[in-house]
Amino acid sequence: MPQVAARISDDQERRLKDYFRTKSAGAEFILPWAVETFFRAITGIKQIFSASELKTIVDAHKDVRLLPENTGRSYLVLRISDACDMNGVHLRHGASKSSLESKLNTLDDTQSTALMVWASAFWVSKNCSAESLDDYIKGY
């Protein structure tokens, strides 16, 4: 099985040890579960939004570095609203700001965080380009 070297905080390490006896045992359990849960969530979430709305969401996350304490629905709605108001990203992709915000407000914090991670991941992927954005929103 492939190995992954992840960085975690001291608090996260302590919690893994508390629940699973060792950090490695916890990571071996949590990581595959988190990956599958993330992709399942993204598949479902992407059914809610149109292609133009998904492009707007991805575009709004360009040059964003996510931190765990800055994720969730309120942060997502604020990020999208600011990107639309200040940069017109919704107009660039042909999305309705009001429709997009309405749909974003139906998400819970976990769904919102997954969507933010997915949108931000595009910009650090090896295939990041304007042409590959269509493939990215259709993929997985």
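What you are looking at is a predicted structure, and each value in this text was computed from that prediction instead of being measured.
Within a 6.0 Å radius of CG in Asp11, other residues, nucleotides and ligands contribute more than 12 heavy atoms.
Side-chain N or O atoms of Thr113 include one that pairs as donor or acceptor with a backbone N or O of Gly72 at under 3.5 Å. Of the possible donor and acceptor atoms, one in the side chain of Arg73 sits under 3.5 Å from a partner among the backbone N and O of Leu107. Judged by distance alone, the side chain of Ser125 and the main-chain N or O of Phe122 form a donor-acceptor pair under 3.5 Å. A donor-acceptor contact shorter than 3.5 Å is absent between the side chain of Asp59 and the backbone of Val89. A distance-only check finds a donor-acceptor pair linking the side chain of Asn105 to the backbone of Glu101 [under 3.5 Å]. Between the side chain of Ser102 and the backbone N or O of Ser98, no donor-acceptor pair lies under 3.5 Å. No donor-acceptor pair under 3.5 Å is formed between the side chain of Gln47 and the backbone N or O of Gly44. For the pair Ser112 (side chain) and Asp108 (backbone), a donor-acceptor distance under 3.5 Å is present. Within the 3.5 Å criterion, the main-chain N or O of Ile137 finds a donor-acceptor partner in the side chain of Lys46.
Here Ser96 contributes atom OG and His90 contributes atom NE2; the two are 7.5 Å apart, rounded to the nearest 0.5 Å. The CG atom of Leu54 sits 11.0 Å away from the CG atom of Asp134 when rounded to the nearest 0.5 Å. Summarising the geometry, atom CD belonging to Gln111 is positioned 14.0 Å from atom CE belonging to Met116; distances are rounded to the nearest 0.5 Å. Put simply, CG on Leu104 and CD1 on Ile80 are 6.0 Å apart, with the number rounded to the nearest 0.5 Å. To the nearest 0.5 Å, the span separating CZ on Arg79 from OG1 on Thr71 amounts to 12.0 Å. Here the CZ-NZ distance, from Arg14 to Lys17, works out to 10.5 Å after rounding to the nearest 0.5 Å.
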(Q) Using side-chain hydrogen bond (donor to acceptor under 3.5 Å, both in side chains), reason through Ser24 and Thr22 one step at a time and then give a plain yes or no. (A) CA-CA 5 Å; Ser24 293; Thr22 69; 5.1 Å; no
Report task. Please test Leu100 against Phe49 for side-chain contact (heavy atoms from CB on, under 4.5 Å), starting from the C-alpha separation and ending with a verdict. Result -> CA-CA 8 Å; Leu100 180 55; Phe49 298 93; 3.8 Å; yes
> Passes side-chain contact (heavy atoms from CB on, under 4.5 Å), Arg92 versus Asn87? Steps please.
Replying inline: CA-CA 9 Å; Arg92 192 173 327 157; Asn87 301 320; 4.2 Å; yes
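Under the 4.5 Å side-chain heavy-atom criterion for grouping Ile, Leu, Val, Met, Phe, Trp and Tyr, Leu78 is not connected to Val117 through any hydrophobic cluster. One hydrophobic cluster, built from ILVMFWY side chains closer than 4.5 Å, cannot hold both Val58 and Leu91; they sit in different ones. By the rule that hydrophobic residues join a cluster once side-chain heavy atoms approach within less than 4.5 Å of another member, Ile8 and Phe29 end up as members of one cluster. Taking hydrophobic clusters as Ile, Leu, Val, Met, Phe, Trp and Tyr residues chained together by side-chain heavy-atom distances below 4.5 Å, Leu31 does not share a cluster with Leu16. Taking hydrophobic clusters as Ile, Leu, Val, Met, Phe, Trp and Tyr residues chained together by side-chain heavy-atom distances below 4.5 Å, Ile30 does not share a cluster with Val35.
Minimum heavy-atom separation, Lys103 to Ser50: NZ-N, 4.1 Å. Here the closest heavy-atom approach between residue Pro32 and residue Ala27 is recorded as CD-O, 3.9 Å.
With sequence neighbours excluded, the residues that form a salt bridge (Lys or Arg N to Asp or Glu O under 4.0 Å) with Asp85 are Lys97.
The aromatic rings of Tyr136 and Trp118 sit parallel to each other, their planes meeting at less than 30°, with 60° as the upper class boundary.
A salt bridge does not link Asp135 to Lys138: none of the charged side-chain nitrogens sits closer than 4.0 Å to a carboxylate oxygen.
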